[in-house]
Amino acid sequence: MQRSTSSISIRATRAALATWIVAACATLPAASAGDFNGDGFADLAVGVFLEDVDGVVNAGALQIFPGSLSGPAVASSMLVTQATLGLVPEAEAGFGIAVTWGDFDGDGFDDLAIGAPGVAVKGLVGAGRVYVVRGGAGGLDFVNVKAFDQNTKGIKDKVERKAKGEVTSSEFFGSRLASGDFDADGYADLVISVTSERIGKAASAGAAHVLYGSASGLTAKRNQFWHQNRKGVKGKCVTNDRFGTNLAVGDLDGDGFDDLAITVPKEIDATPGVGRVAVLFGSTKGLRAKRNLLLKPGTEAVPLTTAVSDDGLTIACADFDGDLYDDLAIGAYHEPIVGGGDSRGVVYVVRGSPIGPVPELTSAYYQGDGVVPGSHADDEVFGGAIAAADFDGDGDDDLAISAIGESFVGLATGRVTVLYSSGSGGLSSAGASTFDQDTANVNDVAEAEDLFGYGLVALDSNGDGAADLAIGIPGEDVGAVVDAGAVAVLLSAIGVGVTSSGDSFLHQDVAFVDGDCGQGDWFGFLLQN
């Protein structure tokens, strides 16, 4: 349904969003999915953090679509809320704004971690909490749920007041989540961002907790608390740096231990440019400060510059050139691009090596560069979301990139580009394709302010060996319901890649899908791993 176009800013959330989310999620998300019941099909989790639950405003929910031979199984979908976990829903909890999967207890089934950064702890609103639900042959176990917050026994740091005498915390524990095996012990570990953590006198400097897995699942034992004032970590905690705004995991130095990339979107040093990416390397003892990096994205030809707007960074780790070292993809979606205007966007790929990402081995990709189709223009926000996976099943990873501000039938229609690996040459123009809601066989039609591509997630939902692509469309109107939101799932094929054939169009007004299709729900705003 087309509505009249109004002026919006892609660089900020709408006025309808809960006020705390502006601080908690300064940049746009991207991620993948897991398999909670071990059936070989990846399951899709869609965060609906503005969902009203039992009359509680913006309590939040998580819509889960199990995978199947034909892709997401709508008839088996489930709506998970705080009530599902036996809890009383809280207003503005943001339940479902961050999600990740990992086998934290090593039983062969992925477990589910759910962030609720708006939850009150000891009466302090916005302290945040993370819930961990075990997977198993019978599906998710919503009875024996673990919960972690900064007041959990053994967790380093504590819940703190925003200011003396206030009844809010607004540190937002659980605003981003990621999983990986940083000590290579066979148990997945969990990273929890606290994007507005105060470090010393630096408000919203940001931090990240790491909980390690074991036979009994995640525990506080050996937990770590990372920030830029920690000894040996490069950089320095500064107000509003927001260390931990986005997370990505991969083996960037090929040593068998997962490594962690962390965006610091407001970091500034003596060289021009806004925004950095910190890298911590894994080891037998888990993540360590030794050899840690603080990378400034950019190349000599396409440098990261100080944009007029606040810079934002999205990240993903994958092996685009088949050399067995994961590379680091960084979306700088507010970049002007060599003399251009604001928020045209560029994606940098820093090649991995035995010493980790090598800044000198960085390639830049932007619309109209001879590799990426199309041409760039102001406010297209290319790189606003990225997702890396093997979409064509050839053994090399590929990259999906959204330009959520792409405006071809009105403001912020949105478009997604998929670049494929050429092997040792990395990403290339060969086979590159674009998708939007005017592409043949893609459901619905392109409309202004749909924001097609606001979230991206790669998952093999039908188990055929080629990753499929889920695309968030949070501005989609469903019938007369404005901004209800939707998700398109484009299936891939071996040797072909992402196609628009047999795609799914998911929203909360589809038969068998629980939850209310409400105005301003923005279903598809967040697709997290």
Side-chain angles (χ1 to χ4, degrees), residues 20-27 94 98 115 117-122 124-130 148-178 182 190-211 220 222-248 260-270 274-281 286-290 292-296 310-313 315:
W20 58 265
I21 204 63
V22 176
C25 296
T27 65
V119 161
V121 178
K122 295 291 185 180
L124 297 179
V125 176
R129 183 169 286 141
V130 172
F148 298 92
D149 57 56
Q150 286 188 305
N151 277 5
T152 298
K153 185 178 179 180
I155 297 293
K156 296 178 179 179
D157 201 56
K158 294 292 181 184
V159 172
E160 299 158 336
R161 296 178 185 273
K162 185 175 182 181
K164 186 176 180 180
E166 289 198 14
V167 293
T168 61
S169 167
S170 301
E171 291 184 320
F172 307 123
F173 178 92
S175 49
R176 286 288 186 269
L177 300 173
F182 304 116
L190 179 65
V191 186
I192 303 171
S193 283
V194 198
T195 50
S196 293
E197 178 75 33
R198 176 185 292 274
I199 304 294
K201 295 182 179 181
S204 296
H209 292 266
V210 179
L211 305 183
R222 298 172 53 216
N223 79 96
Q224 297 174 315
F225 185 52
W226 293 98
H227 52 77
Q228 288 186 294
N229 277 5
R230 178 167 169 165
K231 184 178 179 180
V233 176
K234 294 185 177 180
K236 181 181 179 180
C237 287
V238 176
T239 295
N240 291 327
D241 266 0
R242 301 200 188 282
F243 178 94
T245 296
N246 275 318
L247 307 168
L260 176 64
I262 306 166
T263 65
V264 197
K266 299 288 286 185
E267 177 84 12
I268 305 174
D269 60 24
V274 180
R276 299 290 184 269
V277 178
V279 177
L280 299 173
F281 293 98
L287 292 174
R288 56 183 180 172
K290 185 179 180 180
N292 79 96
L293 303 174
L294 188 61
L295 303 175
K296 175 193 170 185
D310 292 340
D311 262 61
L313 300 174
I315 49 177

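Side-chain atoms of Glu197 and Gln150 form a donor-acceptor pair, as typed in the model, at a separation below 3.5 Å. A donor-acceptor contact closer than 3.5 angstrom links the side chains of Ser175 and Thr195. There is no side-chain donor-acceptor pair under 3.5 Å between Arg161 and Ser169.
Nearest approach of Ser170 to Ser196, heavy atoms of both residues: O-CB, 3.1 Å. When every heavy atom of Pro265 is checked against every heavy atom of Arg242, the shortest pair comes out as CD-O, 3.4 Å. Shortest non-hydrogen contact noted between Trp226 and Leu287 is CZ2-O, 3.4 Å.
Atom NE2 of His227 is separated from atom CD1 of Ile199 by 4.5 Å, given to the nearest 0.5 angstrom. The line from CG of Leu260 to CD of Gln224 is 10.0 Å long, rounded to the nearest 0.5 Å. With rounding to the nearest 0.5 angstrom, the CG atom of Leu124 is 12.5 Å from the NZ atom of Lys162.
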> Could you walk me through whether Val119 and Phe172 pass the side chain to side chain contact (heavy atoms under 4.5 Å, CB included) check?
Replying inline: CA-CA 8 Å; Val119 161; Phe172 307 123; over 6 Å; no

>> One pair to check against side chain to side chain contact (heavy atoms under 4.5 Å, CB included): Leu295 and Val279. What are the steps and the verdict?
In response: CA-CA 8 Å; Leu295 303 175; Val279 177; 4.2 Å; yes

>> Would Val130 and Leu190 count as a side chain to side chain contact (heavy atoms under 4.5 Å, CB included) here? Give the steps.
In response: CA-CA 10 Å; Val130 172; Leu190 179 65; 4.2 Å; yes

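Counting heavy atoms from C-beta on, the side chains of Leu177 and Val191 never come closer than 4.5 Å. In this structure, the side chains of Val210 and Leu280 stay at 4.5 Å or more apart for every pair of heavy atoms. A heavy-atom distance below 4.5 Å is found between the side chains of Leu211 and Ile155. You'll find the side chain of Asn246 stays beyond 4.5 Å of the side chain of Leu313, heavy atoms only. Residues Leu294 and Gln228 meet the side-chain proximity criterion, which asks for heavy atoms closer than 4.5 Å. Between Ile315 and Val277, some side-chain heavy-atom pair lies under the 4.5 Å cut-off.
Counting only distance, with no hydrogens or angles, the side chain of Asn292 and the backbone of Gly232 share a donor-acceptor pair below 3.5 Å. Between the side chain of Ser193 and the backbone N or O of Gly244 there is at least one donor-acceptor pair closer than 3.5 Å. A distance-only check finds a donor-acceptor pair linking the side chain of Asn223 to the backbone of Gly154 [under 3.5 Å].
Shown here is Lys156, whose NZ atom has more than 12 heavy atoms of other residues, nucleotides or ligands within 6.0 Å. Taking a 6.0 Å sphere around NZ of Lys122, one finds it holds 12 or fewer heavy atoms contributed by other residues, nucleotides or ligands.
Shown here are the salt bridge (charged side-chain N to carboxylate O under 4.0 Å, His left out) partners of Asp149, two or more places apart in sequence or in another chain: Arg129. Under the rule for a salt bridge (charged side-chain N to carboxylate O under 4.0 Å, His left out), Arg230 has no partner lying at least two apart in sequence or in another chain.
Annotation: Phe173 is in aromatic contact with His209 [ring centroid separation under 6.0 Å].
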